[in-house]
Chemist: 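Below is a structure I'd like to ask you about.
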Amino acid sequence: MMTNILHSFLVVTYESVMCAIFMLPRYPIFNAAKKLFLTLNGAKIGKRVVFYPGVWIAPGRNLKIGDDVDLALGVLITTSGGVSIGDRALIGYRTQILSSNHVIPADHERIFGAGHDKKSVSIGSDVWVGCNCVILPGVSVGEGAVVAAGSVVTKDVKPFTIVGGVPARLIKNRE
């Protein structure tokens, strides 16, 4: 019981500190503070990463972000399954990158407490993920790909393609 109380306290404390830090504007000094916070929590963050206000990254470990990445307002990233974002990626407003999901138990058992299924997410270099997208666990988005606004990505995206929709499907190849 004491372990559960301590764990809950630490999670809420992390979330509170992270929320306060990530509500700061995207001035270079504050982006450096955000990078330091994530690095202290086990993340590897490249150079010149821009964190807009309201970014939510939890738990922070198992995260690798390349150079010159832009995380727009309200981006949410869960990192327990592992998340890698390549150089020069643009992640649009309110996009969610999820590396874990709830387990759906068999035989009508309770979902609450069934655990989590963790799978890594990889986003290549020079990728543009539009606003309000959802990238699900286990997905790879190839180099140079574009994910149209509002898309739900459930399967891998090939390099230099444009995908969109729910679920995301190939629209065309980039020329």
Side-chain angles (χ1 to χ4, degrees), residues 1-105 110-123 127-139 141 147 149-154:
M1 171 136 172
M2 194 62 170
T3 305
N4 288 341
I5 293 171
L6 179 61
H7 181 263
S8 293
F9 175 79
L10 292 174
V11 167
V12 172
T13 300
Y14 171 88
E15 291 172 346
S16 299
V17 171
M18 183 207 43
C19 192
I21 291 171
F22 279 86
M23 285 311 295
L24 296 168
R26 57 188 169 109
Y27 293 120
I29 188 72
F30 295 138
N31 279 326
K34 296 169 188 181
K35 176 180 176 175
L36 176 61
F37 176 79
L38 290 171
T39 301
L40 291 172
N41 284 287
K44 294 180 178 146
I45 309 297
K47 299 173 186 163
R48 297 173 303 280
V49 175
V50 176
F51 301 94
Y52 278 63
V55 169
W56 182 276
I57 299 173
R61 64 184 179 279
N62 303 321
L63 173 65
K64 182 180 179 202
I65 298 178
D67 297 336
D68 301 306
V69 171
D70 191 285
L71 300 174
L73 182 84
V75 167
L76 181 146
I77 304 173
T78 64
T79 65
S80 44
V83 173
S84 174
I85 301 174
D87 298 334
R88 299 169 306 280
L90 302 172
I91 310 299
Y93 298 107
R94 292 177 300 281
T95 285
Q96 299 175 40
I97 301 170
L98 310 171
S99 67
S100 66
N101 204 349
H102 291 281
V103 170
I104 301 173
R110 291 183 178 197
I111 291 176
F112 191 89
H116 293 89
D117 187 20
K118 300 173 185 178
K119 295 179 183 172
S120 65
V121 173
S122 174
I123 297 175
V127 167
W128 176 20
V129 178
C131 67
N132 292 313
C133 291
V134 178
I135 312 291
L136 292 177
V139 168
V141 178
V147 179
S151 298
V152 177
V153 183
T154 61

Chemist: Treating Ser151 as the side-chain partner and Val147 as the backbone partner, does any N or O pair qualify as donor plus acceptor under 3.5 Å?
Modeler: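 Not at all, since once roles are kept as given, no pair shorter than 3.5 Å links the two residues.
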Chemist: With sequence neighbours left out, what residues match Asp67 under salt bridge (Lys or Arg N to Asp or Glu O under 4.0 Å)?
Modeler: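 Asp67: no salt bridge (Lys or Arg N to Asp or Glu O under 4.0 Å) contacts found.
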Chemist: With sequence neighbours excluded, tell me which residues meet side-chain contact (heavy atoms from CB on, under 4.5 Å) with Thr78.
Modeler: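 By the side-chain contact (heavy atoms from CB on, under 4.5 Å) rule, Thr78 matches Leu76, Leu98, Ser99, Ser100.
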Chemist: Can you name the residues that form a salt bridge (Lys or Arg N to Asp or Glu O under 4.0 Å) with Arg48, not counting sequence neighbours?
Modeler: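 Salt bridge (Lys or Arg N to Asp or Glu O under 4.0 Å) list for Arg48, sorted by chain: Asp68.
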Chemist: Walk me through it: do Asn31 and Val49 pass the test side chain to side chain contact (heavy atoms under 4.5 Å, CB included)?
Modeler: CA-CA 7 Å; Asn31 279 326; Val49 175; over 6 Å; no
Chemist: For Leu6, does the CG atom have more than 12 heavy-atom neighbours from other residues, nucleotides or ligands under 6.0 Å away?
Modeler: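 Yes - once you tally the heavy atoms of other residues, nucleotides and ligands closer than 6.0 Å, there are more than 12.
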Chemist: Taking Asn4's backbone N and O only, do any of them form a donor-acceptor pair with Ser8's side chain (distance below 3.5 Å, no angle check)?
Modeler: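 Indeed, once roles are kept as given, a pair shorter than 3.5 Å links the two residues.
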Chemist: Provide the full list of ring pair (Phe, Tyr, Trp, His ring centres under 6.0 Å) pairs with a residue in residues 23-51, sequence neighbours left out, each pair given once.
Modeler: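 Of all non-adjacent pairs touching residues 23-51, those that pass ring pair (Phe, Tyr, Trp, His ring centres under 6.0 Å) are Tyr14-Phe37, Phe22-Phe51.
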Chemist: Is Val129 close to Val127 at the side-chain level, that is, under 4.5 Å between some pair of heavy atoms?
Modeler: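 The answer is yes; the side chains approach within 4.5 Å.
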Chemist: Using the salt bridge (charged side-chain N to carboxylate O under 4.0 Å, His left out) rule, collect all pairs that involve residues 21-44, keeping only residues at least two apart or in two chains.
Modeler: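 Of all non-adjacent pairs touching residues 21-44, none passes salt bridge (charged side-chain N to carboxylate O under 4.0 Å, His left out).
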Chemist: For Asn132, enumerate each residue passing the side chain to side chain donor-acceptor pair (under 3.5 Å) test, keeping only those at least two apart in sequence or located in another chain.
Modeler: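 Per chain and number, Asn132 pairs via side chain to side chain donor-acceptor pair (under 3.5 Å) with Arg94.
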Chemist: Hey, what do you get for CD1 (Ile57) to CD1 (Ile77), rounding to the nearest 0.5 Å?
Modeler: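 Separation between the atoms: 4.5 Å.
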Chemist: Taking side chain as C-beta onward, heavy atoms only, is Phe112 less than 4.5 Å from His102?
Modeler: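 Answer no - side chains too far apart.
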Chemist: Any idea which heavy atoms bring Cys133 and Gly150 closest together, and the distance?
Modeler: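 Scanning both residues completely, I find the closest heavy atoms to be SG-N, 3.8 Å.
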Chemist: Quick check: are there more than 12 heavy atoms from other residues, nucleotides or ligands sitting under 6.0 Å from CD1 of Ile104?
Modeler: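 No.
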Chemist: Which pairs, with at least one residue in residues 114-123 and sequence neighbours excluded, count as a salt bridge (charged side-chain N to carboxylate O under 4.0 Å, His left out)?
Modeler: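 Pairs touching residues 114-123 that pass the test: Asp117-Lys119.
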Chemist: Listed by chain and number, what are the side-chain contact (heavy atoms from CB on, under 4.5 Å) partners of Pro105, not counting sequence neighbours?
Modeler: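 Scan of Pro105 (side-chain contact (heavy atoms from CB on, under 4.5 Å), adjacent residues dropped) gives Glu109, Ile111, Ala114.
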Chemist: Where do Thr79 and Val83 come nearest, in terms of heavy atoms and distance?
Modeler: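 In terms of heavy atoms, the two residues are closest at CA-CG2, 4.2 Å.
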Chemist: For Val153, which of Ile97, Ile135, Val134 qualifies under side chain to side chain contact (heavy atoms under 4.5 Å, CB included)?
Modeler: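 Single pass found, and it is Ile135.
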Chemist: For Leu73, which residues count as a side-chain contact (heavy atoms from CB on, under 4.5 Å) partner, sequence neighbours excluded?
Modeler: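 Testing Leu73 for side-chain contact (heavy atoms from CB on, under 4.5 Å), a comparison that skips the adjacent residues, returns Tyr52, Pro53, Tyr93.
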Chemist: How many angstroms lie between CD1 in Ile45 and OG1 in Thr39, if you round to the nearest 0.5 Å?
Modeler: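 Taking CD1 in Ile45 and OG1 in Thr39, the distance rounds to 5.5 Å.
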Chemist: Kindly give the heavy-atom pair with the smallest separation between Leu71 and Val55, and that separation in Å.
Modeler: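 Minimum heavy-atom separation between Leu71 and Val55: O-CG2, 3.8 Å.
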Chemist: For Ser80 and Pro59, work out which heavy atoms get closest and say how close.
Modeler: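 Looking at all heavy atoms of both residues, the shortest contact is N-CD, 3.6 Å.
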Chemist: According to salt bridge (charged side-chain N to carboxylate O under 4.0 Å, His left out), does anything in residues 75-88 pair up with another residue at least two apart or in another chain? List the pairs.
Modeler: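 Non-adjacent pairs meeting salt bridge (charged side-chain N to carboxylate O under 4.0 Å, His left out): Arg88-Asp126.
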Chemist: Taking C-beta and beyond as the side chain, do Val69 and Val50 meet within less than 4.5 Å on heavy atoms?
Modeler: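 Of all side-chain heavy-atom pairs linking Val50 with Val69, none is under 4.5 Å.
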